[in-house]
Each structure stands twice: as structure tokens, then as C-alpha cells.
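One structure below.
Throughout, protein chains are lettered first and strands after them, A, B, ... in sequence-line order, and every chain is numbered starting at 1. Basis for what follows: all heavy atoms, side chains included, without hydrogens, waters or symmetry-related copies.
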Protein chains: 2
Amino acid sequence: MRAAGFRVTPARRAIAAALLGVGRPLSPAEVLALARRERPGLGRATVYRTLALLVQLGLVVPRPAPGGIRYSLVSKGMHRLVCRSCGVELLLTECPAGSLAGELARRYGFQVDGHLLEFYGLCPDCQRS
Amino acid sequence: MRAAGFRVTPARRAIAAALLGVGRPLSPAEVLALARRERPGLGRATVYRTLALLVQLGLVVPRPAPGGIRYSLVSKGMHRLVCRSCGVELLLTECPAGSLAGELARRYGFQVDGHLLEFYGLCPDCQRS
DNA sequence: ATAGATGCAAAAGATTTGCATATCC
DNA sequence: GGATATGCAAATCTTTTGCATCTAT
């Protein structure tokens with residue numbers, strides 16, 4: 001963060017802490033609510049600006065979810081099994097994709113620093129209805 | 001579609017055709033504009049309702065993109081290399097994930113019918129700035 | 001014939017922007 | 001000290017909802 005030439009401020013700390021503390025993807029509204037516990041005066045706009053910055057820096061990934069985009073730290077739970085009907089998620093540990101990253105970097109000149117692997121389908125409950 | 005007990009209507013055809021015609025993820029506004037070429041009176045609300053239905057049915061996936069959620073047909077380009085700064089995308093052909101799908105179905109009782117694999121990073125141009 | 005789908009307009013939400021003030025380095 | 005970041009409020013955009021009408025099956 002500082003390495004990239006951006007300032008480390010209390011607002012940014014609070015927002016990062018909110019994402020760190022909870023192990024699941026959060027909507028901007030949830031991030032605001034959580035971060036305000038630590039920093040009561042925090043403004044909505046700052047949350048949006050900071051989330052965009054964290055995405056830019058590759059520290060956070062936006063994910064579509066029923067009800068809008070949610071954000072989660074890159075390191076946590078990037079491999080999921082998601083029910084497209086009710087939205088339940090299972091976190092997976094397997095990752096057959098990591099090995100491809102280096103190969104892609106070499107081939108396309110990208111600096112690859114994360115990936116997302118999601119399987120979609122219907123959970124047992126939703127298969128019934 | 002019909003198999004799942006839903007009606008096949010001109011509005012739905014036009015929306016599906018829009019997604020089929022263009023090979024990239026579209027925002028709801030883009031879907032509306034394209035589908036209106038075929039069906040001028042099409043309403044915005046119908047686009048949202050139909051996109052949600054197509055996601056439910058597993059025919060379309062929502063993806064986060066700079067500027068909001070975009071939708072694309074499941075069959076097309078589910079494996080991508082995305083620049084988190086400018087948003088350029090490369091489609092990939094490799095897929096080390098397919099083999100896991102069956103295993104997950106067995107283990108968790110999910111009916112797995114699609115997956116999304118994305119690598120994030122910086123494209124050569126954005127690495128410079 | 002009738003449950004389901006549509007289009008419209010309005011309501012509700014979400015995100016962005018402009019700007020004066022406060023703050024990190 | 002000076003560029004950066006912040007918080008607020010308003011402006012803008014996106015998405016959802018209620019309802020009367022229409023249409024696939």
C-alpha cells in the first residue's frame with residue numbers, strides 16, 4: 001500500500017480490518033457498518049474509494065452476488081462452490097489453477113497475482129425445489 | 001428454458017440473442033440497447049428480470065467489471081486473464097478445473113454445471129504506469 | 001382460460017462527484 | 001508545506017416494485 005505511493009490512514013486501516021475480520025465477501029454497506037465500529041465518522045464515499053483502490057492494488061476482489069457486488073480479500077476463499085439459486089457457498093481447498101499462473105505470466109507478459117475459481121450449480125436443498 | 005417450466009417469449013429471445021450475438025460480457029444497459037434493435041418496445045425491467053432468470057437457470061453468469069456487473073453466456077469464455085487496472089481481458093483455452101467438478105458433485109451433493117476461472121493481474125501496459 | 005410475462009412509471013437503492021476541511025509524509 | 005485523503009451532501013445512475021394489460025401454453 002505504502003509501497004505503491006498511497007497513504008496509510010485510519011480510514012483505510014478500518015476498512016481493511018473489516019474485510020480481514022470477517023471471512024466472507026462483504027457488500028460496501030456491510031464494510032461501512034463494520035468499519036464504523038472502529039471509526040465512527042467514516043463516510044460512505046471513502047468506503048467506495050478505498051474499495052476501488054484495494055481492487056486496483058490487487059488486494060481485494062469484487063465478486064457478483066445475489067444483491068450486488070461484494071468484496072473479499074484476495075487471500076481468503078478464492079475457491080468456491082456457489083449455489084446459483086440461494087447463494088450458499090462452500091469454500092474449497094483444492095486448487096488446480098495455481099500452476100497455470102506462472103505459465104500465463106510468461107506467455108502473455110501479464111503480472112499475474114491472483115485468481116478466482118468458482119463452481120456453479122444447485123445445492124442439495126435447491127435441487128428439490 | 002421451456003423444460004424448466006418457463007415461457008419462451010419474444011422479449012426473452014431478444015435478450016438471449018443479444019448475449020449470444022456479442023462475444024463479451026454485457027451490462028444490463030447494453031443488453032437493453034442491443035435487444036431493442038430486435039424488439040423496440042422492450043422494457044428495462046424485463047431485461048433485469050430475464051437476466052436474473054437466466055442466471056437462475058445457469059445459462060448466464062454475472063461477472064464483476066469496472067463499472068458494475070456484466071453478464072455473459074456460460075458457454076463463452078469462462079476462462080480469462082483480466083487486468084485489474086484497465087480491464088482488458090484475454091480468453092484462455094486451458095482448463096485445469098473441469099476434472100474437479102465431478103468430484104465436488106459427488107462429495108457435496110451439488111449439481112455442478114459450470115465454473116469460472118479468472119486470473120487477475122496487470123497487463124504489460126499497466127505495469128509501466 | 002389462465003398463470004405467467006410484459007411495459008411503464010415511480011420508488012428505492014447504490015454509486016459518484018464537487019468541494020471545503022483535515023491529514024499524512 | 002503541500003499533495004492526498006476525508007466527510008458531507010447533492011447529483012447521478014442502477015435496480016426493483018406495483019400494477020394494469022397482454023400472451024404463451
Hey, does the side-chain of A:Arg7 have a donor or acceptor N/O within less than 3.5 Å of a partner on the base of C:dT23? yes
Answer yes or no: does atom CZ of A:Arg37 have more than 12 heavy-atom neighbours from other residues, nucleotides or ligands under 6.0 Å? no
Counting only side-chain nitrogens and oxygens, does B:Thr46 get under 4.0 Å of the OP1 or OP2 atom of C:dG7? yes
Considering every strand and a 4.0 Å limit on heavy-atom distances, what is the contact class for B:Arg44: base, sugar-phosphate, or nothing? base
Calculate the interatomic distance between B:Phe6 atom CZ and C:dT6 atom C1'; express it in whole Å. 16 Å
Value in whole Å for how far the P atom of D:dA5 lies from CG of A:Leu54: 12 Å
Can you find a side chain N or O atom of A:Arg49 that sits less than 4.0 Å from OP1 or OP2 on D:dT4? no
Say you draw a straight line from OH of B:Tyr108 to CG of A:Leu92; how long is it, rounded to the nearest 0.5 Å? 5.5 Å
Heavy-atom pair with the smallest gap, counting every atom of A:Pro124 and B:Gly109: CG-O, 3.5 Å
Is any side-chain nitrogen or oxygen of B:Thr50 closer than 4.0 Å to OP1 or OP2 of C:dA5? no
Whole-Å gap separating P (C:dG13) and CG (A:Leu32): 16 Å
Return the 5'-most residue of the pair B:Gly68, B:Arg2 with respect to DNA chain D, ranking by each residue's nearest nucleotide. B:Gly68
Please report the distance, rounded to the nearest Å, between CD in A:Glu38 and C1' in D:dT6. 16 Å
Separation of C:dT15 atom C1' from A:Leu53 atom CG, nearest Å, is 17 Å
Would you say the side-chain atoms of B:Glu38 pair up with the backbone N or O of B:Ala35, donor to acceptor, closer than 3.5 Å? no
Tell me: CZ of A:Arg70 to C1' of C:dT15, nearest whole Å? 16 Å
Taking OH from A:Tyr71 and P from C:dA14, how many angstroms apart are they, rounded to a whole number? 13 Å
Is B:Arg36 reaching over with its side chain to a backbone N or O of B:Leu42, donor-acceptor style, under 3.5 angstrom? yes
Assuming nearest nucleotide by heavy-atom distance, tell me which of B:Ala45 and B:Pro10 is located more 5' along DNA chain D. B:Ala45
DNA chain C nearest-nucleotide lookup for B:Gly41 and B:Met1: closer to the 5′ end is B:Met1
A:Leu42 has an atom CG; how far is it from atom C1' of D:dC8, in whole Å? 12 Å
With respect to the phosphate group of D:dT15, does any side-chain polar atom (N or O) of B:Tyr48 fall under 4.0 Å of OP1 or OP2? yes
